[in-house]
Amino acid sequence: MKTLFLINSLVFSFILLYYTILSLFGLYYRLKKKNRPKLANYPSVDLLIPAHNEGKVLQQTLEAMVKLDYPGPLHIYLLNDNSVDETEEIAEAFDKAYKNLHHIRVPVGEPKGKSRVLNYGLSISDSEYFAVYDADNQPEKESLKLLVEAAENTPNAAGAVGYVKTINANKNILTRLIAQEFQVFQLLMQCGRWFLFKTGSLTGTNMLVKRSIIEEVGQYDVYAIAEDAELTLRITSKGKILPIVPESVTWEQEPEKLAVFIKQRTRWLQGNLYILEKIFHSFDYYKGRTLVHTFQQILIYIVFLFFLLTSHAWFIAGLFGLTTFSVKLPLLLIWYASYLFYVAQLLSAQAAEESFSPLNIIIGFISYFTYSQLFLFLYFRSLFLYLKAKRKKQIISWDKTLRF
Amino acid sequence: MKEKKSFLIITLTQLIFFSLTVTYFIGSDYLLPFILQYFILLIAFIFLPKSKGFILLIGYITLPLLGLLFFAFSREWNLLFQFKIIYYHIISIINASLIYMSAYKIRTLQNENMTLNLELEELRRYVKDSKLLTKSEFEQRSELIITAMKRRKEEGYKVYFSLEKANPHIQKALFDSLTSIAVETFRKEYDLIGQISDYSFVVLLQNTNQKGMELALNRYFTAVERNIDLNENKMIIDITRVGSNIEGEDKLENPVFD
C-alpha cells in the first residue's frame with residue numbers, strides 16, 4: 001500500500017513538473033514577438049461553417065465572416081444542416097448580397113453531426129485550403145490571413161490552428177471560468193506543446209487544413225464527436241505538423257447555464273473516450289509526434305484520473321479514520337504545489353490576455369475548488385453514457401450546444 | 001487619477017509588507033537570502049520588459065517548488081516543516097508579486113496615458129475602428145472644404161448612400177463592407193467620408209466635375225461588385241453638387257439601385 005502511495009505522489013509530482021514546463025514555455029511563446037513574412041500569393045481558401053438552428057447567432061457570425069481580410073480567393077460556405085429556425089432566412093439574405101458567400105443546404109443523413117456536414121462541405125468545394133468556423137464564431141479580420149501565413153511559412157505544415165476566445169466571458173461566473181479554462185488549456189498548453197514538441201491540435205474552429213492532407217488521411221470520421229482531435233491524430237501520424245497561431249483570434253459564445261455546459265462537456269468527453277478507444281486499437285498512434293498526443297490523452301483520461309481517484313479515496317478514508325497506516329510523504333507540499341501551479345497557470349493566461357481584474361483573480365483562486373472538481377463528475381457521466389451506447393450498439397448522438 | 005491612486009496603494013503595500021517581512025515574518029536565518037532575492041527581483045523587473053518580467057515572476061513562484069518537492073521527498077520532511085516551508089514560500093511570492101505590480105504599474109500608467117490620448121484624438125475624428133468621420137466632424141470639415149472650393153471656383157459632389165431599405169439581416173454587414181471599400185477607394189484621393197446614421201454614409205468628392213464624379217463612383221462600384229451583388233440590395237444613392245456658384249446643395253437626378 002505504501003508503495004502505491006509513493007507511486008501516486010511521484011506521478012502527481014511528475015504531472016506537475018510536466019505542466020509547469022508546458023505553461024512556462026507556452027507563456028514564452030504566447031508573449032514572444034513573431035515575425036511571419038507576408039506571402040507573395042495567397043492560396044485559395046474555402047471557409048466551412050456548419051450550422052444547425054443557429055438563428056440566434058448567425059447574423060453576427062456572417063457579419064464577421066464577410067469582414068475577413070484575406071488577400072487571396074476566399075469562398076464562404078454556410079452549411080445549413082436542416083435548420084428549422086431563422087438560419088435559412090439569414091443565410092439566404094447573405095447569399096444574395098455577397099458573391100463569395102454560399103448558402104448550402106446539406107441533405108438529410110445519418111449519423112447526425114458536424115463531421116458529416118463538414119464532409120459534405122468538402123465534397124462541394126475545391127480550394128487549396130479549407131478553414132472551419134463554428135456558427136457562433138466571430139473571427140477577427142486578420143485571423144484567416146494569419147493562419148494561412150503560418151501554414152505556408154512552416155515547413156511540413158498541414159494547416160494551422162488559431163485561438164478561441166470567449167465573447168460572453170463577463171456574462172456570469174460560469175462563463176468567466178470557461179474563459180479562463182480556454183486561456184490556459186487552449187492557449188498556454190497548446191503554445192507550450194507547439195514550442196517544445198512541434199505538435200498542435202485542431203480546435204474544431206478557427207483552424208485551417210490543406211485539402212491535399214484530407215485526400216491523404218481521409219475525410220472526417222463521422223462517428224467521432226471530437227472530430228478535431230481525431231483528425232489531429234491522423235494528420236500527425238502522417239508526419240505533418242499543425243502550427244499554433246495565438247494571434248489568430250476568433251470569438252465564440254460559451255454556455256451560460258450549468259446544464260448546457262454539462263451537456264456540451266459530456267459530448268466532448270465522449271469524443272475523447274472514442275479517441276482513447278481508437279488509440280488502444282492501433283499502434284499507429286504510438287509513433288513519432290503522434291506519441292505526444294497519445295501520451296496527452298492517456299495522461300489525462302487514465303493516469304491522472306486513476307491517481308486522482310486514489311488520492312480522493314485516501315483523503316475521504318482519512319476523514320473517517322479508515323486508514324490504518326502512515327507514510328512519510330510530503331503530501332501537504334504536493335497539494336500546495338498543485339494548487340499553486342494551477343493558480344499560476346490561470347494568472348499567466350490572464351496576464352497573456354490582459355484580462356486581469358479583481359474578480360478574475362478571485363475566480364482564479366477558487367476555480368480549483370469549484371470548476372475543476374466538475375471533471376470527475378463529467379468524466380463518469382460521459383463514461384456511463386458512452387458504455388451504455390456501446391452496449392446497446394447505438395450511435396452517440398451529436399448534441400448541439402444551446403446558444404444564448 | 002484612479003490609476004495613480006492604485007499605484008500609490010500598491011507601492012505603500014509593497015513597502016509595508018517588506019518591512020513586516022524582514023522584522024516579523026521571517027527568522028534571522030533567512031533574512032539575508034530573502035533581502036538578496038528581493039533586490040535582484042526589483043532590479044530585474046525594472047530592466048526587463050513587462051512580458052519577460054511576468055515569465056520571471058511565474059518562474060520564481062513555481063520553479064523553486066519543484067526543488068522543494070525534490071528535497072521533501074529525499075529528506076522526508078515532516079508535516080510541521082512542510083508548513084514552515086509553505087509559509088516562507090507564500091511570504092516570498094507575495095513580496096515578489098508586489099514588486100512586480102509596482103514596477104510595472106509606472107510603465108503601464110505612462111503607456112496608458114499615451115494610448116488614451118491618441119485614442120481620444122482618433123475618436124473625436126473617426127467612428128470607432130472604421131476610419132469614417134463622425135457626422136459632426138464630417139460636417140465641420142466639409143464646410144471648410146466647400147468654402148475653400150467656392151473661393152477657388154471649384155466644384156465638387158456629395159454622394160449620400162443609404163441602406164435603410166436593405167434586408168435588415170444584412171444591413172450592418174453591407175454597411176461595414178461598403179464603407180470599408182469607400183474608405184479604401186476615396187480616402188486615397190483625399191476625399192471625405194462620414195457616417196450619417198447607422199445605415200447611411202456620405203462621401204465628399206472635392207475639386208471634380210460631373211465626369212470625374214462618375215469615374216470615381218464607377219471605380220467604387222467596380223470594387224464593390226467584386227464581392228457584393230448590388231442588384232440584390234436596395235441601396236439608395238443621392239448626389240448633390242456643391243462648391244462654386246452653388247448656394248447650399250444642388251441635388252442631381254439620382255440613380256436608385258433596387
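Each chain gets a letter, A, B and so on, in the order its sequence line appears, and its residues count up from 1.
- Near-neighbour residues of residues 11-18 of chain B relative to chain A, defined by a heavy atom under 4.5 Å from a heavy atom of that chain, are none.
- Taking both residues in full, the closest heavy atoms of B:P168 and A:Q59 are given as O-NE2, 3.8 Å, listed atom of the first, atom of the second, then distance.
- For the pair A:V66 and B:A173, the tightest heavy-atom approach, listed with the atom from each and the gap, is CG2-CB, 4.0 Å.
- The salt bridge (charged side-chain N to carboxylate O under 4.0 Å, His left out) test applied to A:E140 returns no partner, not counting sequence neighbours.
- Note that CD of A:E63 and CD of B:Q171 are 10.0 Å apart. Values are rounded to the nearest 0.5 Å.
- Among A:L74, A:N100, A:L332, the residue with the largest count of heavy-atom pairs under 4.5 Å with chain B is A:L332.
- Taken from NZ in A:K141 to OG in B:S180, the straight-line distance is 5.5 Å, to the nearest 0.5 Å.
- When all heavy atoms of B:L65 and A:A337 are compared, the pair lying nearest together is CD1-CA, 3.9 Å.
- Rounded to the nearest 0.5 angstrom, B:I86 CD1 and A:Y339 OH are separated by 12.5 Å.
- Heavy-atom pairs under 4.5 Å with chain B peak, among A:L58, A:L10, A:L62, at A:L10.
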> Is there a salt bridge (Lys or Arg N to Asp or Glu O under 4.0 Å) between B:D229 and A:K99 once you walk through the steps?
Replying inline: CA-CA 6 Å; B:D229 194 343; A:K99 289 177 182 170; 5.5 Å; no
> How far apart are the C-alpha atoms of B:H89 and A:Y336, what are their side-chain angles, what is the distance that settles it, and do they pass the side-chain contact (heavy atoms from CB on, under 4.5 Å) test?
Replying inline: CA-CA 10 Å; B:H89 190 252; A:Y336 171 71; 2.7 Å; yes
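- In terms of non-hydrogen atom pairs under 4.5 Å with chain B, the most contact-rich of A:T20, A:L31, A:I21, A:L331 is A:L31.
- With a threshold of 4.5 angstrom between heavy atoms, A:Q345 does not approach chain B through any atom at all.
- Annotation for B:F54 and A:L347: closest pair CZ-O, 3.7 Å, computed over non-hydrogen atoms.
- A distance of 8.0 Å separates CD of B:Q82 from CD1 of A:I334, quoted to the nearest 0.5 Å.
- Among B:L79, B:L69, B:I85, B:D176, the residue making the largest number of heavy-atom pairs under 4.5 Å with chain A is B:L69.
- Here the shortest heavy-atom pairing between B:L68 and A:L333 reads O-CD2, 3.7 Å.
- Considering all non-hydrogen atoms of both residues, A:F341 and B:T62 come closest at CE2-CB, 3.0 Å.
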